[in-house]
Amino acid sequence: MATDVSRSAPEPEKQLANYSLLDGLLARRSRRFGRGMHLNGGPLAYTSAHEPAPLSLLEEAMLAFAACGITGYTMGELPYDTGDVAEAGGGNIIMNFVGRTVFSADAAHLVTIFVLNDDGVWFLKRPQDYPRLEVPELVEAARQQQWLDLYSRSRVLLADQRLDVPREPPFVPSFNKWSANVRGTTYFLPVAELSGLFLNLLLAAFSEEAAYFIVDERNSFQPAGVAQFARSKGGYLHDNLAEGRVATVGLLDTLMCEFAAVEQGAMLQNLALVTAALGLGGFPHLASHPFGWFQALGFRMTDIPFSRTIGAGPLKKGLLRVLKKEIPLPTAVGLERDGQVLIKPFCPPYYRNMEEAVLAFVDEKYAQGRGTMRDGGTASNWQDGAAVQAGIPRYSDQTIAATIACCEYLYSRYGRIPATNGPFRTLMAYQAHHLDADFYRKFYRPEVVGKAV
């Protein structure tokens with residue numbers, strides 16, 4: 001239950017430890033009005049009489065762990081059969097054998113959390129950003145509730161002040177301007193990087209077990225670079241619509257966005273539950289814009305002509321230029337600081353072309369001695385990790401070739417991977433702050449106020 005910071009409150013560690021999951025589920029509400037805020041809300045108009053009260057570092061650290069803390073090695077209990085194609089398992093879809101407090105499709109860990117407060121902006125490391133053998137130490141620190149130590153080890157400073165997008169539509173909806181990312185608050189911004197999971201999905205789709213055929217609905221349903229692999233051409237991909245294994249580029253891109261949204265949603269729910277447990281206010285809200293947050297955070301950007309993003313032909317390109325609608329679309333392609341690449345998508349400019357990017361992704365999983373599937377198995381929950389890894393099949397040459405062909409087609413035509421949006425995406429954010437109890441006492445029923453503050 002939320003607590004007025006003017007009253008004596010239990011130590012955050014004890015408060016969290018003594019708070020039940022059921023209490024958290026019952027108390028989970030958006031509580032937007034914090035100390036120092038002003039709401040020009042008609043019947044709810046109110047100006048706080050209190051100064052903003054930033055979260056303590058400990059409170060912030062506990063919330064950061066809830067959102068994306070490392071929790072140990074994943075199980076990976078999947079079929080890794082290499083026999084009859086009809087019975088083969090496809091367990092090699094797993095991307096990482098390290099897990100965190102939220103689930104992730106294929107253990108891809110798509111989403112990076114950025115933390116913004118009055119003192120600066122930090123990037124929080126993903127599981128793949130830690131040495132794998134460091135995981136047991138991180139898990140033990142969490143069990144010992146060493147939140148400050150974990151927070152210190154997880155975050156990378158990006159800026160020494162709070163950053164923001166322009167506080168106007170389309171960057172910030174008018175109903176969020178008064179409360180979102182304002183002084184005294186801690187702002188958690190999830191950013192999804194989609195290229196790795198996209199390649200992983202294609203490699204699974206083009207496996208011998210699945211053998212999907214991909215067409216591009218924005219190009220008259222022509223094959224998406226994989227015509228030579230069609231069964232009707234002597235290949236192995238099921239291009240017969242009646243067999244139900246023909247997918248569109250748009251479907252693949254939609255899956256990416258949905259996978260990212262599910263992972264972000266789990267983070268927001270964890271943040272909301274721990275916010276309630278710590279007696280704080282907080283709320284999830286829209287933070288979606290094609291490029292606003294990436295520019296604000298200093299991502300590496302490139303401009304892609306609008307005509308290329310829609311796969312326009314020469315005639316349409318010429319018409320767009322004549323009508324002066326050939327606008328450049330800013331697109332995030334990576335994150336770097338002080339010469340270090342923090343987030344590196346599997347696409348140019350970090351690779352010369354998509355062939356090199358796909359081969360690099362395959363190496364991430366299968367390079368001997370360092371790949372996820374070939375690192376010796378010590379960083380896993382298996383009793384004999386090396387033996388299990390030895391039984392995990394590598395992608396076939398034709399699967400890799402089909403993936404390269406599809407990716408080269410998409411990047412050549414649309415200038416980005418995935419084609420619809422590019423590698424990075426934001427959707428929602430979560431803000432935590434100290435509540436102004438006076439506001440709730442003034443406007444809300446006593447029984448609600450008693451539970452909330």
Side-chain angles (χ1 to χ4, degrees), residues 72-100 103-110 126-128 132-133 135 193-214 226 229 235-238 245 247 252 255-256 259-260 262-263 345-347 351 354-407 417-418:
Y73 299 120
T74 59
M75 298 300 181
E77 65 276 66
L78 293 168
Y80 298 109
D81 239 342
T82 58
D84 183 357
V85 169
E87 300 296 328
N92 59 3
I93 198 169
I94 292 293
M95 290 176 60
N96 294 286
F97 288 116
V98 179
R100 51 181 174 178
F103 47 78
S104 178
D106 304 342
H109 307 304
L110 296 172
R126 304 160 296 173
Q128 55 265 45
R132 292 173 194 145
L133 292 177
V135 169
E193 195 286 292
L194 305 174
S195 68
L197 183 62
F198 186 74
L199 298 190
N200 201 55
L201 181 64
L202 284 181
L203 287 160
F206 293 141
S207 66
E208 285 74 10
E209 306 94 48
Y212 272 80
F213 192 72
I214 310 298
V226 292
F229 300 95
Y236 75 107
L237 301 181
H238 294 259
R245 298 202 208 178
L252 298 179
L255 285 173
M256 292 301 99
F259 282 137
V262 167
E263 189 171 320
F346 288 96
C347 57
Y351 301 93
M354 286 309 302
E355 177 179 11
E356 186 174 276
V358 171
L359 294 176
F361 179 81
V362 173
D363 270 358
E364 285 280 323
K365 296 179 76 169
Y366 287 101
Q368 195 62 42
R370 62 179 178 83
T372 303
M373 307 291 189
R374 294 291 187 269
D375 63 0
T378 304
S380 74
N381 274 327
W382 295 312
Q383 293 188 35
D384 190 346
V388 175
Q389 285 192 346
I392 300 176
R394 188 179 185 274
Y395 300 113
S396 70
D397 289 344
Q398 67 179 354
T399 292
I400 295 172
T403 302
I404 290 171
C406 184
C407 288
I417 293 286

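For the single chain, residues carry numbers from 1 onward in sequence order. Bear in mind that the values here come from a model prediction, so they are computed numbers and not experimental data. The basis for the numbers below is simple: all heavy atoms, side chains too, and nothing from hydrogens, waters or symmetry mates.
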Trace of the side-chain contact (heavy atoms from CB on, under 4.5 Å) decision for M256 with L201: CA-CA 9 Å; M256 292 301 99; L201 181 64; 3.4 Å; yes
- prompt: With sequence neighbours excluded, what pairs up with F361 under the ring pair (Phe, Tyr, Trp, His ring centres under 6.0 Å) test?
  reply: F346
- prompt: Is E355 reaching over with its side chain to a backbone N or O of I404, donor-acceptor style, under 3.5 angstrom?
  reply: no
- prompt: Below 4.5 Å, heavy atoms only, C-beta onward: do V388 and S380 meet side chain to side chain?
  reply: no
statement: Taking every heavy atom of S207 against every heavy atom of T399, the minimum-distance pair comes out as CA-OG1, 3.4 Å
- prompt: Hey, are the side chains of N96 and T74 touching, using non-hydrogen atoms and a 4.5 Å cut-off?
  reply: no
- line: Value for CZ (F198) from SG (C406), rounded to nearest 0.5 Å, stands at 6.0 Å
- request: Enter the distance from M373:CE to M95:CE here, rounded to the nearest 0.5 Å.
  value: 9.5 Å
query: Can you name the nearest heavy-atom pair linking R374 to A367, along with the distance?
result: CB-O, 3.6 Å
- line: Residues passing the ring pair (Phe, Tyr, Trp, His ring centres under 6.0 Å) test with F213, sequence neighbours excluded, are none
- prompt: Out of curiosity, I392 CD1 to I94 CD1, how far, rounded to the nearest 0.5 Å?
  reply: 9.0 Å
Contact summary for A210 and A204, nearest pair of heavy atoms: CB-O, 3.4 Å
Polar side-chain atom of K365 near backbone of N200 as donor-acceptor pair, under 3.5 Å: no
Y351 backbone acceptor or donor facing E356 side chain under 3.5 Å: no
message: Tell me whether Y236 contacts the main-chain N or O of F206 through its side chain, where contact means a donor paired with an acceptor under 3.5 Å.
response: yes
- request: Give every residue pair that meets the salt bridge (Lys or Arg N to Asp or Glu O under 4.0 Å) criterion with at least one member in residues 375-404, sequence neighbours excluded.
  value: R132-D375
- prompt: What residues, two or more places apart in sequence or in another chain, satisfy side-chain hydrogen bond (donor to acceptor under 3.5 Å, both in side chains) together with Q398?
  reply: E208
statement: For S104 and A108 the tightest heavy-atom approach is OG-N, 3.4 Å
- prompt: At their closest point, which heavy atom of P127 faces which heavy atom of H109, and how far apart are they?
  reply: CG-CD2, 3.5 Å
- request: Measure the CG-CZ distance between L197 and F259 for me, rounded to the nearest 0.5 Å.
  value: 6.5 Å
- line: Sorted by chain and residue number, the ring pair (Phe, Tyr, Trp, His ring centres under 6.0 Å) partners of Y212 (sequence neighbours excluded) come out as none
query: Do Q128 and T372 come close enough that some side-chain heavy atom pair is under 4.5 Å?
result: no
- prompt: Would a distance-only check, ignoring hydrogens and angles, find a side-chain to backbone donor-acceptor pair under 3.5 Å from N381 to Y73?
  reply: yes
Residue pair P418 / L194, side-chain heavy-atom distance below 4.5 Å: yes
task: Apply ring pair (Phe, Tyr, Trp, His ring centres under 6.0 Å) to Y395 and list each qualifying residue two or more places apart in sequence or on a separate chain.
output: Y366
- prompt: Under the 3.5 angstrom rule, does the side chain of D363 hit a backbone N or O of G371 as a donor-acceptor pair?
  reply: no
task: Would you please test F103 and V262 for side-chain contact (heavy atoms from CB on, under 4.5 Å) and show each step?
output: CA-CA 9 Å; F103 47 78; V262 167; 3.1 Å; yes
message: For a quick test of reading the model, state the closest non-hydrogen atom pair linking T403 to L199 and the distance between them.
response: CG2-O, 4.4 Å
